[in-house]
Amino acid sequence: RSVLTSIATADGQLWVGGHDGVILHSADGGQKWIAQRRDPFQLAEGEQAADHDPRQGAPVLDLHFWDASHGIAIGSHSLMLLTSDGGRTWTAKQALASSAAASAPAAQMDGDLFSAEDLQLDDEADPHFNAVASAGANSLVIVGERGTLLRSDDAGANWKRLPFPYKGSMFGVLWLGGDRLLAYGLRGNVFESGDGGNSWRKLDSHGSTSLM
């Protein structure tokens with residue numbers, strides 16, 4: 001009964017990802033399906049919700065397969081999974097370093113008013129990864145929450161975080177051939193890159209509706 005969010009295909013096979021960490025596979029064009037992975041949220045005995053790993057139970061939001069064996073799944077709370085056997089087993093990958101704990105407690109606020117500093121948003125520790133796309137050969141690009149942009153040029157083994165001009169969420173990314181990429185998302189924001197994601201220019205989407 002889990003909500004399904006994404007689909008990928010390679011060499012005539014299909015994979016679908018969704019909530020509860022679900023990944024399904026079909027080898028016959030969608031006539032029959034098997035569940036390769038399930039990871040519903042559940043607390044261990046005596047565990048408190050605040051101490052729970054947020055990646056456990058996280059939704060899979062996008063998938064990409066190079067061929068029938070090698071693929072990647074991404075999702076909420078920086079979830080990243082790699083497979084080299086067609087999805088029979090998935091290995092967790094940490095693409096971003098975990099944020100360090102604050103070195104000092106936050107200062108006490110004066111009264112009931114929030115200052116500009118109080119309202120400043122820090123970088124998301126574990127931003128949601130919303131979409132992944134091939135960028136040619138062994139290259140991959142991921143976009144996500146709060147302007148998250150990642151690129152790998154070795155099939156997901158190593159990742160580099162690139163600057164992005166908009167600090168809102170991007171919900172999709174397309175490879176247009178060569179070094180051209182198109183990213184789109186929150187409030188109608190659309191950006192194009194001609195150099196593989198190193199720099200971006202904003203395009204006019206003629207609207208402010210979020211693009212999915």
- Are the side chain of Gln36 and the backbone of Gly86 linked by a donor-acceptor contact shorter than 3.5 Å? yes
- Message: Please find the pair of heavy atoms, one from Ala10 and one from Ala68, that lie closest to each other, and give the distance.
- Response: CB-N, 4.3 Å
- Task: Specify the closest pair of heavy atoms between Trp66 and Asn138, including all atoms of both residues, with the distance to one decimal.
- Result: NE1-CA, 4.5 Å
- Provide the full list of salt bridge (charged side-chain N to carboxylate O under 4.0 Å, His left out) pairs with a residue in residues 79-94, sequence neighbours left out, each pair given once. none
- Task: Could you tell me the separation between the NZ atom of Lys160 and the CG atom of Asp154, rounded to the nearest 0.5 Å?
- Result: 12.5 Å
- Heavy-atom side-chain contact between Ser134 and His64 under 4.5 Å: yes
- Message: Using the salt bridge (charged side-chain N to carboxylate O under 4.0 Å, His left out) criterion, which residues pair with Asp153? Sequence neighbours excluded.
- Response: Arg151
- Query: Which atom names give the shortest non-hydrogen contact between Gly172 and Ala131, and what distance separates them?
  - Reply: CA-CB, 3.7 Å
- Query: Any side-chain heavy atom of Ser84 within less than 4.5 Å of one from Ser69?
  - Reply: no
- Message: For residues 26-42, which residue pairs pass the salt bridge (charged side-chain N to carboxylate O under 4.0 Å, His left out) check, not counting sequence neighbours?
- Response: Arg37-Asp39
- Message: Apply side-chain contact (heavy atoms from CB on, under 4.5 Å) to residues Met80 and Gln94 and explain how you reach the verdict.
- Response: CA-CA 7 Å; Met80 180 181 289; Gln94 187 170 321; over 6 Å; no
- Would you check if Pro163 and Leu149 make a side-chain contact, meaning some heavy-atom pair closer than 4.5 Å? no
- Task: Any chance you could measure His19, atom NE2, to Arg1, atom CZ, to the nearest 0.5 Å?
- Result: 14.0 Å
- Message: Taking salt bridge (charged side-chain N to carboxylate O under 4.0 Å, His left out) as the cut-off, I'd like each qualifying pair that reaches into residues 195-212, sequence neighbours left out, listed once.
- Response: Glu192-Arg201
- Query: Rounded to the nearest 0.5 Å, how far does CZ of Arg146 lie from OH of Tyr166?
  - Reply: 12.0 Å
- Query: Under 3.5 Å, side chain of Thr5 to main-chain N/O of Gly17, donor-acceptor pair present?
  - Reply: yes
- Message: Are the side chains of Phe164 and Val143 in contact, using a 4.5 Å heavy-atom criterion?
- Response: no
- Message: Once rounded to the nearest 0.5 Å, what's the spacing between atom OG1 of Thr209 and atom CG of Leu186?
- Response: 11.0 Å
- Query: Mind checking who shares a hydrophobic cluster with Leu79, ILVMFWY linked at side-chain heavy-atom distances under 4.5 Å?
  - Reply: Trp15, Ile23, Val60, Leu63, Phe65, Leu81, Trp90
- Note on the structure: NE2 of His70 to CG of Leu82, rounded to nearest 0.5 Å, is 10.0 Å
- Is it true that a side-chain atom of Glu145 and a backbone atom of Pro127 form a donor plus acceptor pair closer than 3.5 Å? no
- Task: Evaluate side-chain contact (heavy atoms from CB on, under 4.5 Å) for Leu140 paired with Val132, printing each intermediate quantity in order.
- Result: CA-CA 7 Å; Leu140 291 168; Val132 58; 4.2 Å; yes
- Taking the side chain from Ser205 and the backbone from Asn189, do they hold a donor-acceptor pair closer than 3.5 Å? no
- Nearest non-hydrogen partners of Ser78 and Leu96, listed with the distance: OG-CD1, 4.3 Å
- Item | Test side-chain contact (heavy atoms from CB on, under 4.5 Å) applied to Ser169 and Asn130, step by step | CA-CA 8 Å; Ser169 295; Asn130 293 329; 4.2 Å; yes
- Task: Might you point out which heavy atoms bring Ser210 and Phe171 nearest each other, and give the distance in Å?
- Result: CB-CE1, 4.3 Å
- Message: For residues Leu181 and Ile142: do they belong to one hydrophobic cluster (side chain heavy atoms under 4.5 Å, members Ile, Leu, Val, Met, Phe, Trp, Tyr)?
- Response: no
- Message: Using every non-hydrogen atom in the two residues, find where Gly29 and Ser26 come nearest and quote the distance to one decimal.
- Response: N-OG, 3.7 Å
- Query: Any sub-3.5 Å donor-acceptor pair from Thr83's side-chain atoms to Thr89's backbone N or O?
  - Reply: yes
- Item | 4.5 Å side-chain heavy-atom contact, His25 and Gln13 | yes
- Nearest 0.5 Å, what's the CD1-CZ distance between Ile72 and Phe129? 9.0 Å
- Fellow cluster residues of Val190, listed by chain then number, with links counted only when side-chain atoms sit under 4.5 Å apart: Leu174, Leu176, Leu182, Tyr184, Leu203, Leu211
- Is the backbone N or O of Gly178 less than 3.5 Å from a side-chain atom of Trp175, with the two atoms forming a donor-acceptor pair by type? yes
- Item | Polar side-chain atom of Ser2 near backbone of Val22 as donor-acceptor pair, under 3.5 Å | no
- Task: Tell me, with the steps shown, if Leu150 and Val141 meet side-chain contact (heavy atoms from CB on, under 4.5 Å).
- Result: CA-CA 6 Å; Leu150 303 177; Val141 174; over 6 Å; no
- Between the main-chain N or O of Ser199 and the side-chain N or O of Ser193, is there a donor-acceptor pair closer than 3.5 Å? yes
- Message: Could you see if Leu61 belongs to whatever hydrophobic cluster contains Met212? Use Ile, Leu, Val, Met, Phe, Trp, Tyr and a side-chain cutoff under 4.5 Å.
- Response: no
